[in-house]
Structure formats: C-alpha cells, structure tokens
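Right, one structure below, let's go through it.
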Amino acid sequence: MKHIQFQNCPPTRTGFKGAAFRVLACLMMFISFSAFAQKNNVSGVVIDKNTNEPVAGAALMVKGTSTGTVTNPDGTYTIKAGGNDVIVCQFFGYKTLELEVANRAKVDFALEEDVETLDATIVVGYGTLKKTQLVGSVENLDGEKVAERPNANVARSLQGQVAGLNIIQADGKASHAGNIYIRGNQTQKVITRPKAGGTPNSDDHYSIGTGGSALVLIDGVEGDLAAVNPADVENVAVLKDASSAAIYGARAANGVILVTTKSGDNEKFTVSYNGAYQINERIIKLEDTIVDDGLAWTKTFYDFWQGRNATPQNPNAKPSDINTFKMGDTGFLDRFIARREAGETGIYDVRNGKYEYYGSVNYPALFFKPFHTSQTHDLTVRGATKKMSYSLTGRFFDQEGLYKIGDDTYRTFNLRSKVKVQVNNWLSVDNNTAVFHSYQRQPMFSTGDTIYDQFDHHGQAPLPPVNEDGTYTNSGVRSGYAQFMEGNGQWDKNLTVVSTTGLTIDFIKDVLSLRGDFSYKAIRRQRERARVPVTAYLGPTTPFEYDTHDDSYKSRWTYDTDYISANAVLTWTPKLGENHNLNVVGGWNLEDYRYHRFYIQRSGMIFPENFASYELFDGTDIKVEQNNSDYGLVGFFGRVNYSLFNRYIFEVS
C-alpha cells in the first residue's frame, strides 16, 4: 500500500473544526485510494483478428500474479484485476498479447496468428510434423540449450530442461549418464504390507507413470546419450505418451528420445572452435567437519569409551586400543599429553617392539582434492555447395577425479562426419559416421566397503598412514591409502563406431519420397581390475600381510557388440489446400544384435610394479567365463495424420 502523507491534504483551517475537517479530508482520500486499489471483475471476449471468430480455451493471466482463467466456448472470460493491472492473453498458434485494464470493466483481445509457430516442425517417429498436427505429447528442445552447458555428456545437459523427463544420477562421476525415465522413476521402494504374521517385502518397486527406461535413438539408430557430443545436437525430441511413440512398437512403451545431429548447411565454408575450462568444487567436504587434532580426538575417545561395557574391558577401565590399533597400555593418553606439553614434534614411538603414534591426520583431506578441473574442446568444420553439404566435428573432454592419490581420470574423444550428395533433382545419398572413445581410470579398495566406511573404521586422527621408514602402517593399509598408492584400481575403455548410409528418392518433390538406410554399429568395451599385495608394519620388524601374494589378482572383462539395422520409409504429403494437412508414413524395419562377453581372472602377482600381462602371475586359480546374447527384429509400421483447419486432428499409428 502506498504511504499517504498529511502534507498532501487540503489547506489547514484554524481551530478544532479546521483540524477535524483536515482529518476527515485525509480519511476520504484514503478510502478513495483503497477503493481504487481493490480488485474488480473484468470481463471481455477473445477473438481471432483475421476471422473475428471467438477463441475458446485461451489462457488469461494478471501479469505478475497467479490469478488466471480460460475463455469459454464463445470466447468470453471474467477475471479479477485491479485498475492498473495488465492482463496477458496466450493461445497456441497466436502471438501473446498484453493489455492494460486502465480502470475498464471490459477488455477485449484480438489475437494475431503466429505464423512461425504454426509452421514450426517437430521431429516425430520416422519424420516430422507441424506443431498444429501434433496429437501426442512431444517435447522439443533446441540443440543450443544442450551445447551451452559444458557437461561430460548430453544426458547431464538435458537434466531439468524437459518437463516429464527424469534423469536419475547415481553419483557425480563424469562417465555416468544416469538412468533416463519419461513420466516415471524407479528410485523409490514400497514396503508391501503382508497379512498378519507375514514378513514385509521391501523388494517391490513402484513408479509414477511407466517407470522403465526410455528408448534412445540417435539419428535413427539406437544408442547411448553418453556417446554423443553435445555440440553436435541439432534437436532433441521427447515422445512422452503412447500416441506419439506407438510407431516404434513395444520398445517405446516407456517413451522415446530422438536426438538429431547437425548437418552441413547452405552457408559458406566455416570453421569454429569452442572451449571451456572448469574448476569444480565438491559440495560435501568431510575434511572441514571432523576433528583432526590427534590429542583432542584421543581425549574425546577416552571420555566416551572409558568404562563402557561395549568394550571388552572391566568397568571404569581405560580403553587400550583404537579399533585395530593397540595403544600398548592404558597410559597412552597421558603420554600423548606429556609429549604435547614438552613440545615434541615426533609422532612415532616404539614400545615393546610395536609402533605407537601421536599424529594429527585428516584422512579425508589426505584422499580428496578440494577442487578438480575439467576441460572441453570442440572443433567444427561445415560447408555446402550446390551438390554437396558436409560437416566434420571433433571433441575432446578431460576431467580430473576427486582423489589426490592414485590415478583418477576420465577423458573422451568424439568424431562425427556427415556428408550429403545431391546426385540429381530426385536422388540424394548421405553418410553419417560417428566415433566415440572413452578412457577411465579410478583407484579402488581391496574390500567392498565405501571410502567413508574406511575413514570411520581406520582413519583416526592420531594414526598416520606411513611409518617413519616409509612402510605402511596398519591404518594406512586398512584405510585404503596403501592400495591407492600401489596401483589398486580399475581401467575402463570404450570404443563405439556407428555408420549410417542412406538413399532418398523424391518421386514428387515435397509430396512423395522414399528413404532407405543401412546402419552398422560396433562397440568394443574392456574393463580391467588389479589388486596388488600390500604389507603393513606394526613395528620395525613386525610385518602384517594384509593383501598377500595369493590375494593379489588381475581381472579382465571384454564386451563386444555388433548391431545392424535397415529401414525403408515411404512418406506421402499431398497438397490438399490451405485448411487440410495429410501426412502418411509407411515403412519396414530390420535389426540384428549380437553380444559377446568374456571374463578372465588370475591370482598370484609376481611383480607388483608391473602387472600388464597374465604371464607375470603364477597363481593356479584361473577363472574363465563367457556368454553370448543375440536377437533379431523385423517389423512394419505406419502412421496417418490428418488435420482440418489447424484445429481438428485425426491420427492412427
């Protein structure tokens, strides 16, 4: 509410009557202002500017508020609005119009058609349709919205940009594209309540909508969003319901994501480069929240555990060990205090042949970087002549890992070539070839516990990871520090090559055309793991083999995929006049998929510093597994879409 000042009131009169008159005048102004500011019913009609016909279902909102309504079948509406408010009117296919109320009780809108919106085409299954012809729920996203986010892969760039598209990330690893769900998710469990006396079943899942993962097609070939260069994306179409996705059959039951990559255009030869360098900060920093002063930690430990029955000691007894570290006797805290008061900086001592430690170690800070970097480099060459268009793109992405110790990195390389040759007026030939290579190296523990479990159990502040002579301590081994330093880890390599060659015949230009294409995709994935023997020294001459020679091993998995597909699509779009639009699509599809998995593991690492070959292992425990999976599909599909007056639409798939 505006502030009304008394100096704006009428001139003052003398005496009591004059003062009363002034107050009364101000009150009348306040009442008048309040009446002016209140909301009143504003009504009107919304019509088409060209035809003067009423527009039913148009949305009207009071600008800057949540007050809104829609027009009736006769185009009329009523809404609460103030005298100075602005009403915004919107309807698909028309330009948005804003009008001031200006103290009027009747505000009419004459909407003008938005030709660009009406003529805009949307990518759908095996073709395109105008927005005015759409029956199903299709969401379109321009490739620029994807490319402007310098992420590791397209899936992360789509996150939060398409309504109804849920991308569930298991973690922050750059190599993880996430699980993709359309109008659904599988992240929550429901406890099935049994009958009396039964056991609850926590394995049942529920989902909102379909819940399954979406079918992803990249330029018409089933693929992985993580293998697509975000800078290559021209358009992303999300088919969200059965009517829009039905043409792809049963595999489209959970929705379809169609990615179209950029081609050469009619412009002159161009070369462009885009690069990005990022400094990434972890959201959760354990190192900022823990007690890392060894003496303070030990005092707290004593205060909590002294006399506790949870420890295998007598009542009121002082604790004599920190998990797997034996403190020697109950005088450990007293010796720690005495050393600190004496100003001793050494953190090692030997008692009865065993090491005793008085350190101050922050294990999360020892393992994790506070920041890590990533970089992206994109190079594009595009151009066209009268007979040919071409596009060549390349991308390099590199991201450091979170760990300070061990080899922790992820990098990818993309290359895509698209060429189209117009042989004559009715025949064109094109090829689209993409290459994706990724490499990831990450350190690993010898156990299945998480790094946070290791910190809780073995990463206590007084206990350093390395002894004075350079050997590993018990905590250094059990926390995973030694394994990281010695090379325990996992290597992942992926090479994907996809090539599609197509032929387009225009029997009648823009009316009747036939498109045929053949695609071949090869995926070669390899994963290796290595576990080295590691020894901890509990004293100068007291080794403890935590990971022994027999425990050491090397594993290798290979996953080979060969996939071919062929399509033949006939499209008929006759010219039936301004008020009629007919789009008929019919076709044939063939797919063949072959998958082979091979696994081998051998124990007994002879030279821990060099474990590249299985010949450098002497273990007799050798595991070998392999399995194959093949399938083939042959299908026919069709769609008829007819719209009348850009208002009434009929479609069958």
Side-chain angles (χ1 to χ4, degrees), residues 152 168-178 187 279-294 297 300-301 321-325 357 359-374 399-411 439-467 471-492 527-536 544-548 551-555 608 611:
I168 310 300
Q169 301 287 352
D171 52 41
K173 291 181 180 178
S175 59
H176 289 181
T187 61
I279 299 176
N280 311 297
E281 182 179 7
R282 286 186 290 117
I283 297 175
I284 300 174
K285 294 186 177 180
L286 297 178
E287 60 269 35
D288 296 339
T289 61
I290 67 171
V291 176
D292 57 4
D293 180 270
W297 190 96
T300 304
F301 180 77
D321 63 89
I322 304 174
N323 202 351
T324 57
F325 167 67
Y357 305 106
S360 292
V361 182
N362 189 321
Y363 270 85
L366 198 66
F367 275 75
F368 292 127
K369 300 172 185 175
F371 302 92
H372 65 281
T373 63
S374 60
Q399 179 168 305
E400 295 178 340
L402 297 176
Y403 294 116
K404 289 181 180 178
I405 53 179
D407 187 2
D408 187 14
T409 187
Y410 175 73
R411 62 178 63 99
Y439 171 81
Q440 183 176 21
R441 174 73 168 92
Q442 51 187 326
M444 294 184 66
F445 294 116
S446 298
T447 67
D449 295 333
T450 68
I451 189 171
Y452 307 108
D453 292 329
Q454 307 301 105
F455 293 159
D456 287 342
H457 296 162
H458 310 290
Q460 286 80 28
L463 312 177
V466 181
N467 288 312
T471 58
Y472 295 112
T473 68
N474 189 47
S475 291
V477 171
R478 292 181 178 271
S479 67
Y481 179 88
Q483 288 86 345
F484 276 38
M485 294 295 290
E486 293 301 316
N488 270 25
Q490 176 174 292
W491 300 260
D492 286 281
R527 167 172 290 178
E528 291 186 328
R529 285 181 185 169
R531 174 176 175 174
V532 301
V534 178
T535 299
F544 175 78
E545 290 185 313
Y546 183 76
D547 288 337
T548 66
D551 293 330
S552 63
Y553 67 84
K554 180 182 178 180
S555 301
F611 44 84

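Using modelled atom types, no side-chain atom of Ser374 and backbone atom of Gln399 make a donor-acceptor pair closer than 3.5 Å. Between the side chain of Asn280 and the backbone N or O of His372 there is at least one donor-acceptor pair closer than 3.5 Å.
A distance of 6.0 Å or more separates the ring centres of Tyr546 and Tyr472.
Under the side chain to side chain donor-acceptor pair (under 3.5 Å) criterion, Arg411 pairs with Asp398, sequence neighbours left out. Residues satisfying the side-chain contact (heavy atoms from CB on, under 4.5 Å) test with Thr471, not counting sequence neighbours, are Asn467, Asp469, Tyr537. Under the rule for a salt bridge (Lys or Arg N to Asp or Glu O under 4.0 Å), Glu545 has no partner lying at least two apart in sequence or in another chain. Residues satisfying the side-chain contact (heavy atoms from CB on, under 4.5 Å) test with Ala461, not counting sequence neighbours, are Trp297. Scored by the ring-ring contact (aromatic ring centres under 6.0 Å, His included) test, Tyr403 finds Phe368, Phe484 as partners (sequence neighbours excluded). For Arg529, there are no salt bridge (Lys or Arg N to Asp or Glu O under 4.0 Å) partners at least two apart in sequence or on another chain. Considering only residues two or more places apart in sequence or on other chains, Asp407 meets the side chain to side chain donor-acceptor pair (under 3.5 Å) condition with none of them. Applying the side chain to side chain donor-acceptor pair (under 3.5 Å) rule to Glu400 yields the partners Thr373; only residues at least two apart in sequence or on another chain are considered. When the salt bridge (Lys or Arg N to Asp or Glu O under 4.0 Å) test is applied to Asp408, no partner is found at least two apart in sequence or on another chain. Not counting sequence neighbours, the partners of Asp551 by the side-chain contact (heavy atoms from CB on, under 4.5 Å) test are Arg531, Thr548. The side chain to side chain donor-acceptor pair (under 3.5 Å) check on Lys404 picks up nothing, with sequence neighbours excluded. For Asp293, the salt bridge (Lys or Arg N to Asp or Glu O under 4.0 Å) partners two or more places apart in sequence, or in a different chain, are Arg340.
Counted by atom type alone, Asp456 and Gln454 present zero donor-acceptor pairs between their side chains at under 3.5 Å.
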Using ring-ring contact (aromatic ring centres under 6.0 Å, His included), reason through Phe367 and Phe455 one step at a time and then give a plain yes or no.
CA-CA 10 Å; Phe367 275 75; Phe455 293 159; 5.2 Å; yes
Please test Glu287 against Lys369 for salt bridge (Lys or Arg N to Asp or Glu O under 4.0 Å), starting from the C-alpha separation and ending with a verdict.
CA-CA 10 Å; Glu287 60 269 35; Lys369 300 172 185 175; over 6 Å; no
Kindly determine whether Tyr363 and Asp292 satisfy side chain to side chain contact (heavy atoms under 4.5 Å, CB included), including the steps that lead there.
CA-CA 8 Å; Tyr363 270 85; Asp292 57 4; over 6 Å; no
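Closest non-hydrogen pair, Leu366 versus Pro465, comes out as CD2-CG, 3.6 Å. Pairing each heavy atom of Gly294 with each of Ser360, the nearest pair is N-OG, 2.8 Å. Closest non-hydrogen pair, Val466 versus Thr473, comes out as C-CG2, 3.6 Å. The shortest non-hydrogen separation linking Gln460 to His457 is NE2-O, 3.1 Å. Considering every non-hydrogen atom in both Asp492 and Gln490, the closest pair reads OD2-NE2, 2.9 Å.
Each of Pro464, Ser475, Ser479 was scored for a side chain to side chain contact (heavy atoms under 4.5 Å, CB included) with Val361, with one residue passing: Pro464.
Rounded to the nearest 0.5 Å, atoms CG (Leu286) and CG (Asn362) are 9.0 Å apart. Between Glu486 atom CD and Ser552 atom OG the span is 12.5 Å, to the nearest 0.5 Å. With rounding to the nearest 0.5 Å, the separation of CG in Asn474 from CG in Leu463 is 8.5 Å. Of the inter-residue distances, the one linking Gln483 atom CD with Ile405 atom CD1 reads 9.5 Å to the nearest 0.5 angstrom. Expressed to the nearest 0.5 Å, how far CG of Asp547 lies from OH of Tyr553 amounts to 9.0 Å.
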